[in-house]
**Student:** 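The structure under discussion is supplied below as structure tokens; questions concerning it will follow.
What you are looking at is a predicted structure, and each value in this text was computed from that prediction instead of being measured.
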Amino acid sequence: MPDRREDRAIQTDRLVAGSALETLPTVREVISLDAVVQGVPEVLVGDDALDARVRWLHVSDNAGVARLLDGGELLLSTGSSWPADPADLRRFIGELDDAGLSGLILELGTHYRYVPAVVVEAARERNLALIVLHRELKFITITEAVHGRIITGQSDALRSRDEVRERFTALVLRGSPADFIVHQLAQTLGAPVILENLGHEVVAAEVPLALEEELFTEWELRSRSAHRRSEQRRERGAAPGADDWLIVPVEARGVRWGNLIALPGPDHPAGRTAVLEQGAIALAVGRLADGESDEWGRVGRRRLVDGLLAGRFAGAGGAAARLEAAGLPLRGARLYGIVASGAAVPAERADAAARALRGRALAGSAPDGVVAPATAMLLSLPADTVFDDEAAIAFAGSLVEPGTDADRFTVSVGRAAEGLDAALASLHDAVDLARGRRRRSAKGPHLRRAENRPLVQLVTALRDDHRVLEHGERMLAPLIVHDLTRAGDLLDVLEAMLAHPGNRTAAASASHLSRSVFYQRIALIEELLGADLDDGETQTALHLALLVRRSAGR
């Protein structure tokens with residue numbers, strides 16, 4: 001029987017593997033077309049073999065058809081010229097698979113009344129999709145239907161890619177940060193997206209909070225495993241499966257900075273790889289514009305620390321996994337919450353200072369209520385690292401950039417902690433310390449430690465108790481009303497006095513008032529409160545009320 005060949009006039013150019021491959025129909029989709037269903041198809045070898053992409057439909061009964069294939073074709077045949085010898089027939093199926101055939105559709109009735117067992121066995125061994133048609137059809141009808149589906153898919157993909165390209169080009173022109181580009185990718189794909197650096201540390205991620213613990217636990221191992229599977233698929237020229245992670249490098253001018261990873265999600269008209277590639281281009285252009293600065297790390301880590309302070313996390317397990325995925329060790333580490341105020345501290349400088357102590361640091365923004373410039377950070381150190389006052393002062397000195405007035409620089413250190421919950425308490429310790437008034441000190445960076453401030457620790461422990469908050473507001477109410485109605489400074493004067501108990505001269509200097517004006521303010525405070533400010537119990541109660549107010553960021 002002569003070959004039934006498709007019309008070459010309507011054949012498209014061969015598509016390369018990758019983003020273009022994803023827009024092609026699968027064998028499963030092809031046999032669901034009405035034109036194929038009319039032939040009563042039966043799947044003899046299927047499962048994941050039916051997910052192979054179909055680049056073109058090739059019609060041939062020739063026993064030497066394998067040499068005419070380029071890969072990705074779906075072969076439609078009656079088998080009339082196939083080998084008769086079982087060994088030759090097995091070898092024929094192997095040649096088709098070696099040529100990259102996507103699948104084989106055999107029409108029964110013209111030559112074969114049933115499929116030879118050796119064909120089924122060989123196809124199953126090769127995981128090659130094998131379908132039979134029980135009713136005779138016009139092959140031209142099937143060819144037109146399949147090719148129409150392929151061409152329509154390509155046209156839709158081109159239009160969709162133009163839309164995606166315009167969207168991410170606009171992000172580049174606006175200078176959008178990496179975390180926003182990752183957010184847009186996740187929105188476009190309808191799936192979680194992660195940006196990691198070359199060390200498999202998570203830089204930015206758009207992932208549902210409920211999935212963070214499961215996804216980011218042992219992230220480095222999971223990422224490396226996904227990369228190996230992706231490389232193996234690439235070597236085979238295979239497209240990602242429905243459950244595979246999609247990985248695209250972020251690189252330009254021969255320099256690679258990291259990888260974009262999209263988790264399984266719905267198909268996209270442009271092809272999921274094409275969308276991810278556009279995001280990678282936008283990120284690469286942004287990275288080129290950043291020069292030597294690590295804007296990626298700065299933005300991603302800042303969001304993490306800011307989110308912890310604001311309570312924007314679903315659970316401690318997920319938040320802990322996310323921090324470790326970003327490169328901050330928690331298990332077996334000693335953790336400290338730190339706030340540096342008086343000078344800006346770049347994220348990379350904070351991490352470099354931590355690495356000098358064999359640790360890591362994640363830097364965030366200035367917390368509410370702390371005078372800028374300020375930086376909140378989480379410091380992770382090996383359990384055997386000594387972080388006494390001397391080491392803390394040295395660490396503070398490493399944070400100060402050359403040319404900065406170190407005398408105005410203050411580092412507030414929370415209690416040593418193990419685990420995320422205790423680390424968060426330590427971070428709040430540091431924030432509460434940083435909100436206090438700075439005392440006079442010797443030259444160089446000034447150090448505050450929560451271990452030396454028991455009241456600060458008490459306030460941090462009770463920060464969510466509404467009774468403590470109400471007590472503080474009620475006790476200070478006359479001063480608050482006075483300051484609000486008269487633009488006064490009584491709260492600041494009271495804080496200066498409590499910071500220097502027993503030394504009114506130092507307190508007056510700290511309040512930046514003359515001694516006479518300072519004493520007038522103290523007298524007014526005593527009158528409004530109806531209290532003796534020299535009484536120790538009163539001082540303690542007022543100090544606690546002020547700390548509670550500062551802890552609330554007021």
Side-chain angles (χ1 to χ4, degrees), residues 1-15 20-62 65 68-80 82 96 100-115 119-120 123-124 127-161 239 241-242 265-272:
M1 179 178 178
D3 291 352
R4 301 188 195 176
R5 298 184 180 274
E6 64 270 22
D7 185 354
R8 306 290 293 187
I10 62 171
Q11 188 171 5
T12 62
D13 293 333
R14 181 183 181 186
L15 295 175
L21 191 62
E22 293 178 32
T23 63
L24 297 173
T26 63
V27 176
R28 191 188 310 275
E29 292 171 325
V30 168
I31 62 177
S32 298
L33 296 174
D34 288 341
V36 181
V37 170
Q38 296 300 317
V40 190
E42 178 187 358
V43 177
L44 301 185
V45 178
D47 297 328
D48 60 337
L50 296 177
D51 294 324
R53 300 285 178 173
V54 177
R55 183 180 61 80
W56 203 247
L57 183 69
H58 191 87
V59 179
S60 177
D61 292 326
N62 195 327
V65 68
L68 303 176
L69 303 177
D70 288 332
E73 295 92 347
L74 178 62
L75 181 63
L76 179 59
S77 178
T78 65
S80 60
W82 285 7
L96 293 178
L101 195 72
S102 296
L104 174 60
I105 299 179
L106 178 63
E107 184 186 74
L108 299 180
T110 302
H111 181 71
Y112 286 114
R113 296 184 61 185
Y114 59 87
V115 183
V119 172
V120 178
R124 186 170 290 117
N127 197 32
L128 177 67
L130 175 61
I131 301 98
V132 296
L133 299 179
H134 290 280
R135 181 181 298 166
E136 185 178 16
L137 294 176
K138 292 182 179 180
F139 280 12
I140 186 62
T141 302
I142 299 177
T143 301
E144 288 175 346
V146 175
H147 291 174
R149 165 65 179 83
I150 292 171
I151 293 171
T152 300
Q154 291 181 40
S155 300
D156 292 344
L158 288 174
R159 285 192 294 270
S160 184
R161 283 176 197 154
D267 290 337
H268 191 278
R272 299 180 75 240

**Student:** List the residues meeting salt bridge (Lys or Arg N to Asp or Glu O under 4.0 Å) with Arg124, not counting sequence neighbours, and say none if there are none.
**Tutor:** none
**Student:** Any side-chain to backbone donor/acceptor pair from Gln154 onto Thr152? Under 3.5 Å, distance only.
**Tutor:**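 Such a contact is absent between Gln154 side chain and Thr152 backbone.
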**Student:** CD1 of Ile131 to CG of Leu106: how many Å apart, nearest 0.5 Å?
**Tutor:** 10.5 Å
**Student:** Quick one: pull up CG in Asn127 and CG in Asp48 and give me the separation to the nearest 0.5 Å.
**Tutor:** 4.5 Å
**Student:** Would a distance-only check, ignoring hydrogens and angles, find a side-chain to backbone donor-acceptor pair under 3.5 Å from Arg161 to Ala270?
**Tutor:** yes
**Student:** Determine whether a donor-acceptor pair (N or O, by modelled atom type, separation under 3.5 Å) exists between the side chain of Ser77 and the backbone of Ser60.
**Tutor:**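 At least one qualifying donor-acceptor pair exists.
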**Student:** Output yes when a side-chain donor or acceptor of Glu42 lies under 3.5 Å from a complementary backbone atom of His134, and no otherwise.
**Tutor:**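 No; zero donor-acceptor contacts below 3.5 Å.
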**Student:** So Thr78 and Phe139, side chain to side chain contact (heavy atoms under 4.5 Å, CB included) or not? Walk me through it.
**Tutor:** CA-CA 10 Å; Thr78 65; Phe139 280 12; 3.9 Å; yes
**Student:** Taking atom OG1 of Thr143 and atom CG of Leu74, what is their separation to the nearest 0.5 Å?
**Tutor:** 10.0 Å
**Student:** Can any side-chain N or O of Ser102 pair as donor or acceptor with the backbone N or O of Gly72 at less than 3.5 Å?
**Tutor:** yes
**Student:** Nearest 0.5 Å, please: how far is CZ in Arg135 from CD in Gln38?
**Tutor:**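 So the CD of Gln38 and the CZ of Arg135 are separated by 7.0 Å.
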**Student:** Should His111 and Asp61 be marked as a side chain to side chain contact (heavy atoms under 4.5 Å, CB included) after you check the CA-CA gap, both sets of side-chain angles, and the distance that decides it?
**Tutor:** CA-CA 10 Å; His111 181 71; Asp61 292 326; over 6 Å; no
**Student:** Just say parallel, tilted or perpendicular for the rings of His147 and Trp56, cut-offs at 30° and 60°.
**Tutor:** parallel
**Student:** Assess whether a salt bridge exists between Asp51 and Arg28, defined as any Lys/Arg side-chain N lying under 4.0 Å from an Asp/Glu carboxylate O.
**Tutor:** yes
**Student:** Could you walk me through whether Leu128 and Val45 pass side chain to side chain contact (heavy atoms under 4.5 Å, CB included), step by step?
**Tutor:** CA-CA 7 Å; Leu128 177 67; Val45 178; 5.9 Å; no
**Student:** I'd like to know if the side chain of Glu29 reaches the main chain of Thr26, judged simply by a donor and an acceptor atom lying under 3.5 Å from each other, with no hydrogens or angles considered.
**Tutor:**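 Looks like yes, one N/O pair under 3.5 Å.
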**Student:** Which distance, rounded to the nearest 0.5 Å, do you find between the CZ of Arg55 and the CG of Asp70?
**Tutor:** 5.5 Å
**Student:** Taking the side chain as C-beta and beyond, is there a heavy-atom pair between Leu133 and Ile142 under 4.5 Å?
**Tutor:**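 A side-chain contact exists here, since the closest heavy-atom pair is under 4.5 Å.
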**Student:** For Arg149, which residues count as a side-chain hydrogen bond (donor to acceptor under 3.5 Å, both in side chains) partner, sequence neighbours excluded?
**Tutor:** none
**Student:** Hey, does Leu50 have a side-chain heavy atom less than 4.5 Å from the side chain of Val27?
**Tutor:** yes
**Student:** Hey, what do you get for CD1 (Ile150) to CZ (Arg53), rounding to the nearest 0.5 Å?
**Tutor:** 11.5 Å
**Student:** Specify the closest pair of heavy atoms between Ala35 and Leu137, including all atoms of both residues, with the distance to one decimal.
**Tutor:** O-CD1, 3.4 Å
